[in-house]
2 protein chains.
Amino acid sequence: MEYLNEKEFLIAFGKNLRKARKSKGFTQSQLANDIGIEISQISRIERGIINTSVGNVNAISRALRVDIQELFNLIKN
Amino acid sequence: MEYLNEKEFLIAFGKNLRKARKSKGFTQSQLANDIGIEISQISRIERGIINTSVGNVNAISRALRVDIQELFNLIKN
DNA sequence: TATATTATAGGCATATTTGCCTATTTTTAA
DNA sequence: TTAAAAATAGGCAAATATGCCTATAATATA
């Protein structure tokens, strides 16, 4: 499998996040509140619109209690 | 162990990156060239000055061939 | 269906990152 | 110890992310 370009990566990352968030029973709003960022940002991250910070990713993985690796897994869905 | 605040996290992340980069025999310049960003940014990331993007982190882990998890490992050194 | 909840869309001002640059300091190797 | 290589420091403009906001669309539930 070819490497993904940055845009493709961000979309894959967003899909992984959405899947993880739902599997943990969080709404975007709950996740945003837990880590202290805007709900609109969660929406944009999940849709691959923005390239968020490593700090936010760390906070997200802690809040959801998912492995970082799971969010970076570049599996085609 | 307590959770790290964002500043502490960025410093730990930077240390992990530096360790990984050196263990793979890369200079900051080589790494920067490989992923297409500025060497000054690598320096700032390693020193915990900036909160770089998830896209850059992905590119770094690919260039160095290290697991994402390794960069996020919050071990005290 | 209709009502509430959840998610998307986008504008705008502010904050932060990034690239480009020069200079200086630190580390490595001869 | 000296020279070369590597890393740090910081200024500045441009690009991008973020917070705050309102409105709309989509989804779930009564």
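Please read these numbers as outputs of a predicted model, since none were measured by experiment.
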Test side-chain hydrogen bond (donor to acceptor under 3.5 Å, both in side chains) applied to [X] - qualifying residues, sequence neighbours left out:
| X | answer |
| --- | --- |
| S43(A) | R47(A) |
| R44(A) | S40(A), Q41(A) |
| Q28(B) | E46(B) |
| R62(B) | none |

Each nucleotide N or O in nucleotides 26-30 of chain D that has a protein N or O under 3.5 Å away: list the pair and distance.
none

Once you round it to whole Å, what is the distance between [atom2] of [N] and [atom1] of [X]?
| X | N | atom1 | atom2 | result |
| --- | --- | --- | --- | --- |
| L17(B) | dA7(D) | CG | P | 11 Å |
| R18(B) | dA7(D) | CZ | P | 8 Å |
| I50(A) | dT18(D) | CD1 | P | 5 Å |
| Q41(A) | dG19(D) | CD | C1' | 8 Å |
| I45(A) | dT8(C) | CD1 | P | 12 Å |
| I39(B) | dT17(C) | CD1 | P | 19 Å |
| I42(A) | dT8(C) | CD1 | C1' | 14 Å |
| L10(A) | dA17(D) | CG | P | 8 Å |

Ring pair (Phe, Tyr, Trp, His ring centres under 6.0 Å) pairs, two or more places apart, involving residues 31-64 of chain A: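 Every candidate ring pair (Phe, Tyr, Trp, His ring centres under 6.0 Å) pair involving residues 31-64 of chain A fails, so no pair, neighbours aside, qualifies.
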
Report yes if some heavy atom in the side chain of F13(B) is under 4.5 Å from a heavy atom in the side chain of N58(A); otherwise report no.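 No, side chains not in contact.
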
Can you find a side chain N or O atom of [X] that sits less than 4.0 Å from OP1 or OP2 on [N]?
| X | N | result |
| --- | --- | --- |
| N56(B) | dT18(C) | yes |
| S43(A) | dT8(C) | yes |
| R21(B) | dA7(D) | yes |

Sidechain-backbone polar pair: N16(B) side chain, N73(B) backbone, donor-acceptor under 3.5 Å: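 Side chain of N16(B) to backbone of N73(B): a pair is present.
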
Can you give each donor-acceptor pair under 3.5 Å made by side-chain atoms of residues 4-11 of chain B, sequence neighbours left out, with the distance rounded to 0.1 Å?
unit_1	atom_1	unit_2	atom_2	d
N5(B)	OD1	K7(B)	N	3.1
N5(B)	OD1	E8(B)	N	2.8
E6(B)	OE2	N51(B)	ND2	3.4
E8(B)	OE1	N5(B)	N	2.9

Among pairs that include at least one residue of residues 63-72 of chain B, which meet salt bridge (Lys or Arg N to Asp or Glu O under 4.0 Å), considering only residues two or more places apart or in two chains?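 Of all non-adjacent pairs touching residues 63-72 of chain B, none passes salt bridge (Lys or Arg N to Asp or Glu O under 4.0 Å).
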
Suppose the criterion is salt bridge (Lys or Arg N to Asp or Glu O under 4.0 Å): which pairs have a residue in residues 24-43 of chain A, not counting sequence neighbours?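 Applying salt bridge (Lys or Arg N to Asp or Glu O under 4.0 Å) to every pair that reaches into residues 24-43 of chain A, excluding sequence neighbours, yields nothing.
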
Nucleic acid contacts of residues 23-33 of chain B, taken as heavy-atom distances under 4.0 Å to DNA chain D: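 Contacts with DNA chain D under 4.0 Å: T27(B), Q28(B).
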
ring-ring contact (aromatic ring centres under 6.0 Å, His included) with F26(A): which residues, sequence neighbours excluded?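 In terms of ring-ring contact (aromatic ring centres under 6.0 Å, His included), with neighbours along the sequence ignored, F26(A) is linked to no residue.
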
Taking only nitrogen or oxygen atoms into account, show me every contact under 3.5 Å that the protein makes with nucleotides 10-16 of chain C, one pair per line with its distance.
none

To the nearest 0.5 Å, what is the distance between CG on L31(B) and CD1 on I39(B)?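 Those atoms lie 9.5 Å apart.
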
For G55(A), answer base if it contacts any base atom (sugar-phosphate contacts may also be present), sugar-phosphate if it contacts only those atoms, and nothing otherwise; contact means non-hydrogen atoms under 4.0 Å.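 Contact class for G55(A): none.
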
